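Below is one structure, written out as structure tokens; comments come after it.
Sequence positions, counted from 1, serve as the residue numbers for this chain. This one's a predicted model, so the numbers in the text were calculated from it and none came from an experiment.
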Amino acid sequence: WFTNEENGLRGAKAFFEAHRDRVKDCVGAYENDGGLEPPAGVDWSFAPSERRGASRPAAGADSRPAVDPTRVARARAITALLEPLGAGAFGEGGGGADIGAFLAAGVPTLSPRTRGGRYFEWHHTEGDTVDKIDRDAFARHVAAQAALFYVLADLRERL
């Protein structure tokens, strides 16, 4: 747990450095920076890894290594478990500035997708107070996160 994105990522950098030797044991890094509107799904990012036996791309083609499609399929299946909470939509591009170092180190990064709509009416304003939190949306966020973290921690094989 850390914070301080808006002030030079100091919390994220300090946390990563303090735990650098344990990053290889991480099953995922999660950033929740989209407010507590009703959850809709989970966005995921994976550090690209070369697939065994994959041929090199042709000249001029995208030369970035491909993400193993098995990892993406497993992430989709995990996300689908959250459908009873209305949070079963899978997306790509999960994470954020605070957990970028984890992605660069090969750890999958995740972030919740929300229904959106009102967050930026009060985000970083004097009105950004706990009385704006919808209790039902908050409860669904907590339930979705708890289920997601449980499944990730209980996987036999890491993503």
Side-chain angles (χ1 to χ4, degrees), residues 1-116 119-120 123-124 140-159:
W1 296 90
F2 53 87
T3 189
N4 202 7
E5 176 182 345
E6 283 79 6
N7 192 6
L9 298 173
R10 288 188 181 103
K13 290 175 183 176
F15 184 89
F16 186 83
E17 288 305 319
H19 302 284
R20 180 184 287 277
D21 61 329
R22 297 179 60 206
V23 169
K24 67 185 181 323
D25 299 323
C26 291
V27 296
Y30 187 83
E31 181 167 336
N32 188 348
D33 194 23
L36 289 173
E37 294 192 40
V42 181
D43 293 333
W44 298 71
S45 288
F46 295 97
S49 58
E50 293 282 352
R51 283 184 274 171
R52 291 184 186 162
S55 60
R56 293 201 172 270
D62 186 352
S63 62
R64 292 175 298 174
V67 174
D68 183 343
T70 303
R71 294 170 80 190
V72 175
R74 291 178 72 202
R76 283 182 186 278
I78 291 167
T79 304
L81 296 172
L82 305 176
E83 189 54 45
L85 297 166
F90 171 86
E92 297 181 10
D98 283 315
I99 56 176
F102 287 88
L103 182 62
V107 176
T109 57
L110 306 85
S111 55
R113 178 185 294 183
T114 65
R115 306 246 181 259
Y119 180 61
F120 285 104
H123 180 62
H124 289 310
R140 288 191 290 146
H141 269 276
V142 171
Q145 289 176 22
L148 179 64
F149 298 160
Y150 180 86
V151 170
L152 284 174
D154 201 45
L155 290 175
R156 290 179 192 239
E157 295 178 14
R158 293 168 35 128
L159 289 175

With sequence neighbours left out, write down each residue that passes side chain to side chain donor-acceptor pair (under 3.5 Å) with T79, or none if nothing qualifies. W44
With a 4.5 Å cut-off on side-chain heavy atoms, are L159 and V27 touching? no
Could you tell me which residues satisfy side chain to side chain donor-acceptor pair (under 3.5 Å) with R74, sequence neighbours excluded, listed by chain and number? none
Where R113 and F90 come nearest, the two heavy atoms and their spacing: NH2-O, 3.8 Å
Side chain to side chain donor-acceptor pair (under 3.5 Å) partners for R158, two or more places apart: none
Indicate the atoms forming the closest heavy-atom contact of E31 with A97, along with that distance. OE1-N, 3.6 Å
N/O donor-acceptor pairs under 3.5 Å from side chains in residues 99-112, not counting sequence neighbours:
from, atom 1, to, atom 2, distance (Å)
T109, OG1, G94, O, 2.9
S111, OG, G95, N, 3.1

Which residues pass the salt bridge (charged side-chain N to carboxylate O under 4.0 Å, His left out) test with E157, not counting sequence neighbours? none
Would you sort out whether I78 and L155 count as a side chain to side chain contact (heavy atoms under 4.5 Å, CB included), showing the intermediate values? CA-CA 10 Å; I78 291 167; L155 290 175; 4.1 Å; yes
Those residues at least two apart in sequence (or on a different chain) that pass salt bridge (charged side-chain N to carboxylate O under 4.0 Å, His left out) with R115 are none
Is there a donor-acceptor pair closer than 3.5 Å between any side-chain N or O of R140 and the backbone N or O of L85? yes
Contact between F15 and D98 at the side-chain level, heavy atoms closer than 4.5 Å - yes or no? no
